[in-house]
There are 2 protein chains.
Amino acid sequence: MPNLKSKITLKDIARELEVSISTVSKALKNSEEISRDTKEKIQAFARLYNYKPNNIAISLKNKRTKNIGVVIPDIVHHFFTTVIRGIEKYANAKGYNVIVCLSEESFDKEVINMEMLANGSIDGFIMSLSSETQAKGDYNHLREVTEQGIPVVLFDRITNEVECDKVVIDDQLGGYLATKKLVGQGKKKIALITTDDYLSVSKARTEGYKKALLESNLPVDESRILKLPTMDMDENKIRKFFNSQEIDAVMCVNEIFAVFSMRVALEQGFKIPEEISFIGFTNGLLSKYANPSLTVVAQHGERMGEISAQMLIDKVESENEEETFQTKILEPTLVVRDSTIN
Amino acid sequence: MPNLKSKITLKDIARELEVSISTVSKALKNSEEISRDTKEKIQAFARLYNYKPNNIAISLKNKRTKNIGVVIPDIVHHFFTTVIRGIEKYANAKGYNVIVCLSEESFDKEVINMEMLANGSIDGFIMSLSSETQAKGDYNHLREVTEQGIPVVLFDRITNEVECDKVVIDDQLGGYLATKKLVGQGKKKIALITTDDYLSVSKARTEGYKKALLESNLPVDESRILKLPTMDMDENKIRKFFNSQEIDAVMCVNEIFAVFSMRVALEQGFKIPEEISFIGFTNGLLSKYANPSLTVVAQHGERMGEISAQMLIDKVESENEEETFQTKILEPTLVVRDSTIN
DNA sequence: TTGTATGCGTTATCAG
DNA sequence: CTGATAACGCATACAA
């Protein structure tokens, strides 16, 4: 009599019922080969002892793990969080599990994580590059993986140097839309607060910003562009920036920069949005609950996650070997709140 | 000659070098049994073709996956996010991967996710109960898993009805500290904004609130306690609440409630913190960047994650079968910002 | 020093 | 209809 507690295997059932393992296997799959009697007996027994096939054994046999590896720089950023949620949603519905690894913006960690997972643990990767990787421009770890035939989907922070499926929002358009919005409200001295431009997304957003200015016959004044480190924002730097410039609007490449600098501006006595308007990126909790609430370019992270997962799983499950990659570009949308005029 | 592209196995190496599989296996483990010559030859070949053992095969053999299953209600909440980060950090350092599953506050999803993972995919669970599970009080899925000998660590949203390791912060103490802080500032009409009290944490925080009031000889007035749904906060309800009561301080059981109701109060013309002070729970981005910035009871999510991971991995790797469970209680700390007087 | 056999849990092929 | 055998990739006890 098998123990009720521990997991039961086909072998256990076979032994108890004095049949062969293969008979049990077939019976549980309701195979036509097996007689009604035997099937019922075996199925009843399996149910009673709550038999569940061992995933690992099946993975070994099928060379399919039904696991997806997700490697992202950070999980505390709302955007990545929503992407994960989207991936989870789609993947789970398809019977896949999601293994999350954080690179914490480090190249080495990204490499280690990928290697760890690439040895059979997952069927494919969904990832967004760490800032260090983008700065370094070294994508060999990605190539190694794709060359092994492991499908990869890059999202948001991508590179053109690797051939694989990609999902991005049109960041340039986002920057453009945001800037145009400000221009449309009569703003003429529009500043930009961004990161160093090795980050592909910041770069694109900056391009959109410039494009909109040029198109509106406004000068692109480099002194109106402030670059901040991702992590430690220096309040004084922002304060000086606002003081030394005449500025009537600010576009920020993320919501943290926006909310933070908005507060600095308020402290300096500026009226938002009348004197200075603000627009950020990422439609997260911060934007929603900021005071004043923040107008943002929404990136639709959850949708991005779903699409990434879908592209990956399609590739994983597709039989054909044809190497055809696509890049999906999502449209950003403006969510207007109180940090801009009406 | 094996293909440079696809994964190479022991068998491939053995065939190429015309030795047996076990010789290869031993050689790559630098076994003393194998001659220097053979070892060098095999190791060189393995390096050349970038041999990496297949995780799945090793898992099947060792009955250890080196995967941890993390089942949480939500990933958009900052608190859970930080816990994941803590888990990741510790687990990765120990060579474990983290499989994240979201219950989205649903009992059924929680059960399905656990079953999915319990069939060999993971070595143990770290989880926080969904609100539905806590409301329902049904913990059979947890018991089934522990009875199979799979270690479980519950954190934050826990239950006494399951025997396993647990990690919590002292939520009652948190509520107590927050309320005491407000009392210490001369506040007498301290309101509470909370969720329905099937959530273990809200319940405990409420107890702490009441305890502090009683201890300070202040009446516990149930009409000063407002219960809101977790998701859709009704602005009007809060407005009415503030209007109908004389209130000089508010403790909220999370940061979203706090930031949101703070804004309502501001709109109604109240001065924060002079007329109404606010304290929330969870030291997240919202609190930090809110305007005014929010005083909170910090829950130390990252630490909680690390401890959970440590407890779980200890149990997973411990040989002995003795069933001894512990509950770690972390002390909450007050992070004072501008929503309270100095 | 090397190789053979066995097993981890499952499935699939083929023989009976 | 049922069962023996091989295979997935690896590790190891035991022979040689």
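First the proteins, then the strands, lettered A, B, ... as listed; each starts at 1. Predicted model only: the values in this text are computed from it and were never measured.
- dC1(D) atom P lies 11 Å from atom CZ of R36(A), rounded to whole Å.
- Remark: P of dG3(C) and CZ of R15(B) are 15 Å apart, rounded to the nearest angstrom.
- Note on T38(B): only backbone sugar-phosphate atoms sit closer than 4.0 angstrom, heavy atoms only; bases stay farther off.
- Within the 4.0 Å cut-off from OP1 or OP2 of dG3(D), at least one side-chain nitrogen or oxygen of S20(A) is found.
- Take K26(A) and apply the salt bridge (Lys or Arg N to Asp or Glu O under 4.0 Å) test, not counting sequence neighbours, and it matches E33(A).
- For K109(A), the salt bridge (Lys or Arg N to Asp or Glu O under 4.0 Å) criterion is met by E104(A), not counting sequence neighbours.
- The nearest whole Å value for the distance from the CG atom in N30(B) to the P atom in dT2(C) is 13 Å.
- Within the structure, salt bridge (charged side-chain N to carboxylate O under 4.0 Å, His left out) contacts touching residues 122-140 of chain B (residues at least two apart or in different chains) do not occur.
- Atom CD1 in I34(B) sits about 12 Å away from atom C1' in dT12(D), given to the nearest Å.
- Summarising the geometry, atom CG belonging to L129(B) is positioned 6.0 Å from atom CG belonging to L142(B); distances are rounded to the nearest 0.5 Å.
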Could you list the protein-to-nucleotides 6-10 of chain C atom pairs, N/O on both sides, closer than 3.5 Å?
| unit_1 | atom_1 | unit_2 | atom_2 | d |
| --- | --- | --- | --- | --- |
| dG7(C) | N2 | K61(B) | NZ | 3.1 |
| dC8(C) | OP2 | K11(A) | NZ | 2.7 |
| dG9(C) | OP1 | K63(B) | NZ | 2.6 |
| dT10(C) | OP1 | Y51(A) | OH | 2.6 |
| dT10(C) | OP1 | N54(A) | N | 3.0 |
| dT10(C) | OP2 | L10(A) | N | 2.8 |

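- Within the structure, ring pair (Phe, Tyr, Trp, His ring centres under 6.0 Å) contacts touching residues 16-38 of chain B (residues at least two apart or in different chains) do not occur.
- Applying the ring pair (Phe, Tyr, Trp, His ring centres under 6.0 Å) rule to pairs touching residues 99-126 of chain A yields F107(A)-H141(A), sequence neighbours excluded.
- Within the structure, no pair that satisfies the salt bridge (charged side-chain N to carboxylate O under 4.0 Å, His left out) test touches residues 45-64 of chain A, not counting sequence neighbours.
- The ring pair (Phe, Tyr, Trp, His ring centres under 6.0 Å) analysis of residues 17-43 of chain B, with sequence neighbours excluded, yields no pairs.
- Put simply, CG on L28(B) is 13 Å from P on dT2(C), counting in whole angstrom units.
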If you restrict it to nitrogen or oxygen atoms, what contacts under 3.5 Å exist between nucleotides 14-16 of chain D and the protein, and what is each distance?
none

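- Distance CZ (R64(B)) to C1' (dA11(D)): 15 Å, rounded to an integer number of Å.
- Taking atom CD on E32(B) and atom C1' on dT12(D), their separation rounds to 17 Å, with Å as the unit.
- Residues forming a side chain to side chain contact (heavy atoms under 4.5 Å, CB included) with S25(B) (at least two apart in sequence, or on another chain): L10(B).
- Using a 4.0 Å heavy-atom criterion, one finds that S22(A) contacts the bases of the nucleic acid, with or without backbone contacts as well.
- The stretch residues 150-163 of chain A participates, sequence neighbours left out, in these salt bridge (charged side-chain N to carboxylate O under 4.0 Å, His left out) pairs: E105(A)-R157(A), R143(A)-E161(A).
- The pair K94(B)-E317(B) fails the salt-bridge criterion, with no side-chain N (NZ, NE, NH1 or NH2) lying under 4.0 Å from an Asp/Glu carboxylate O.
- Atom-to-atom, CG of D37(A) to P of dC1(D) comes out at 10 Å; the value is rounded to the nearest Å.
- Comparing the helix axis at one end of the helix from dT1(C)-dA16(D) to dG16(C)-dC1(D) with that at the other, each defined from 5 consecutive pairs, gives an inter-axis angle of 60° (nearest 10°).
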